[in-house]
There are 2 protein chains.
Amino acid sequence: MRDRSAAPVARAGRSPASASLDLIVCCSDGRHLAALVVVPLRGAATLPWALLEDGAGHEAAAQRLAREHLGRAPAWLAPLGVAGEGRRHPSGAPLSLTWLALVPQGTPAPEGHAWVPVHAMPALPARQQPMVAAAVAALRDRMDLVPIAFRLLPPEFTLTELQQSYELLLGRRLHKASFRRALQAAYLVEPTDAWRSEGRGRPAQLFRYAPRRRRGHRRPVRFELLG
Amino acid sequence: MRDRSAAPVARAGRSPASASLDLIVCCSDGRHLAALVVVPLRGAATLPWALLEDGAGHEAAAQRLAREHLGRAPAWLAPLGVAGEGRRHPSGAPLSLTWLALVPQGTPAPEGHAWVPVHAMPALPARQQPMVAAAVAALRDRMDLVPIAFRLLPPEFTLTELQQSYELLLGRRLHKASFRRALQAAYLVEPTDAWRSEGRGRPAQLFRYAPRRRRGHRRPVRFELLG
DNA sequence: CCAAAAGTGTTGGTTCTACACCCATGG
DNA sequence: CCATGGGTGTAGAACCAACACTTTTGG
């Protein structure tokens, strides 16, 4: 089905690679954030990576890389960073591009891959070591500008799932009634006509992310986040 | 003193450039954000740029580029983006790296350069055209995580200047007493023993940015910024 | 009945912003 | 004097988080 050897988009040795591309794919397992690692038959685990001969189309390359390692397109894909300073890739690629992808909760890890909670990462190649933490920090930083919490869920989700997604990113528990009231006021979701019966209790209604125009909202001055 | 021809860090033609590097340098003129443009004797204006043979050390290269165009180190320097998709540099460099620098209000534009308000940019090369808007958006987005407003000021500044800096970034007027109360509560600045007499009225005390440890601050759920 | 989902009312706290006012100081 | 800087008190609005409660609906 897939080549387990982390199929580089460009093979080393043809022409000097201009950049290495590493991908952090994050997913929620319901309780924690997890990252996708490649677990080869022998040898150490790595994050998905590739070499680029030509940096042009590196976004497309990131997309391709994500597809190859997931079997599907990610729900979200964004550049995480560029590094030229740190340890470079063994191939000698002078630039290291990092991309961050999100997939919905429940996405299975393909053969040769595993979801590993981000707080329990195995030893990774030196270049990749700091990337997971950077990814988590970036997710937390951007979660109120970008619908991160929604991309960790399938297109249709229950409000309880959404709340858990937020709790996971914020790292603390939220109050159910308050969460829903605030969500209501923000016009971020719309109900579908589908319901999901979870076993016992009343079935949960499914919602989808459908932000509506928000009226003029002026941002307050926020000093507290600086330090 | 300086070479006006936008002294590329690596000259085209020696070996294929691996990346182009563009720099947006922003500064406040007290009323608006302005960006540094290179104004050649003949031809169109450009943003400072360079070609990199080797992406390694591109941060150092950005530093160097900023120094060359400013005559001094910027107060802040951060990567803004990587693009491989759009129009590429005429040299054929496959990757386009963009860095964003800030310098304090009052920094003079060297010979052959000019500060241009970001809302009135001249025609730039196609590749550079969207960069200024992206830079402004990035500044607004990150201003409450990173001390952007402070980097637009000299190390010592008056509270009125700081408030103007915030007003410029937020795009609206703030209330003086409230601004200062909030600033006080955030332990972000410390007074120096210097005062500056501005003409009439009581002299203003100078402050410096000196954030102190902020106690455990839990972030509220923010839905309002999504949409 | 019970469990879970969905939603209402309300309350207490904090934050944001504004208004009005104070004093200090240099020209 | 007056303009400006620095600061206090306070008030209203908005927001946040929690508690308690009701209603709905499947098992």
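Chain A is the first sequence line, chain B the second, and so forth, proteins listed ahead of strands; every chain is numbered from 1.
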B:R222 side-chain proximity, nearest of D:dC16, D:dA18, C:dT17
D:dC16
Over how many whole Å does the gap from B:R196 atom CZ to C:dG26 atom P extend?
16 Å
Contact class for B:Q205 vs. all strands (heavy atom < 4.0 Å): base, sugar-phosphate, or nothing?
sugar-phosphate
Return the value, rounded to whole Å, for the distance between atom NE2 of A:H175 and atom P of D:dC21.
13 Å
Would a 4.5 Å heavy-atom cut-off, applied to side chains only, mark B:V25 and B:H69 as touching?
no
According to a strict under-4.0 Å criterion, is B:R180 in side-chain N/O contact with OP1 or OP2 of D:dG6?
yes
Residue mapping more 5' on DNA chain D - nearest nucleotide basis, A:A182 or A:G201
A:A182
Nearest-Å distance, CD (B:E224) to P (C:dC16)?
13 Å
Is there a side-chain contact between B:V116 and B:V132, using heavy atoms and a 4.5 Å cut-off?
no
Can you list, by residue number, the residues of residues 142-173 of chain B that have a non-hydrogen atom closer than 4.0 angstrom to DNA chain D?
B:L159, B:T160
To the nearest 0.5 Å, what is the distance between CD on A:Q205 and OG1 on A:T160?
12.0 Å
Nearest whole Å is fine: how far is D:dG6 C1' from B:F207 CZ?
8 Å
Could you give the CG-to-C1' distance, from B:L183 to D:dG6, as a whole number of Å?
12 Å
I'd like to know whether CD of B:Q129 has more than 12 heavy-atom contacts from other residues, nucleotides or ligands below 6.0 angstrom.
yes
Does a donor on one side chain sit under 3.5 Å from an acceptor on the other, for B:E59 and B:Q63?
no
Figure out the CZ/P separation between A:R219 and C:dC16, and round it to whole Å.
13 Å
Under 4.0 Å, counting only non-hydrogen atoms across every strand here, what does A:Q184 touch: a base, just sugar-phosphate, or nothing?
nothing
B:E190, CD: over 12 other non-hydrogen atoms inside 6.0 angstrom
yes
I want to confirm an ordering. Mapping B:R200 and A:P203 to their closest nucleotides on DNA chain D, which one lands closer to the 5' end?
B:R200
Mind running side-chain contact (heavy atoms from CB on, under 4.5 Å) on B:E161 and B:R196 for me, showing each step along the way?
CA-CA 12 Å; B:E161 289 170 337; B:R196 180 197 299 160; 2.7 Å; yes
What's the CZ-C1' distance between A:F179 and D:dC15, to the nearest Å?
16 Å
Most 5' of A:W195 and A:R181 on DNA chain C, judged by nearest nucleotide:
A:W195
Does A:R202 contact D:dG27 through a side-chain donor or acceptor facing the base, at a distance under 3.5 Å?
no
Could you state the CZ-C1' distance from B:F223 to D:dA14, rounded to the nearest angstrom?
17 Å
Check if the side chain of B:R218 and the base of C:dT14 share a donor-acceptor pair of N or O atoms closer than 3.5 Å.
no
Is the shortest side-chain N/O distance from A:S197 to OP1 or OP2 of D:dG27 below 4.0 Å?
yes
Please name the pair of heavy atoms, one in A:P108 and one in A:W115, separated by the smallest distance, quoted to 0.1 Å.
C-NE1, 3.8 Å
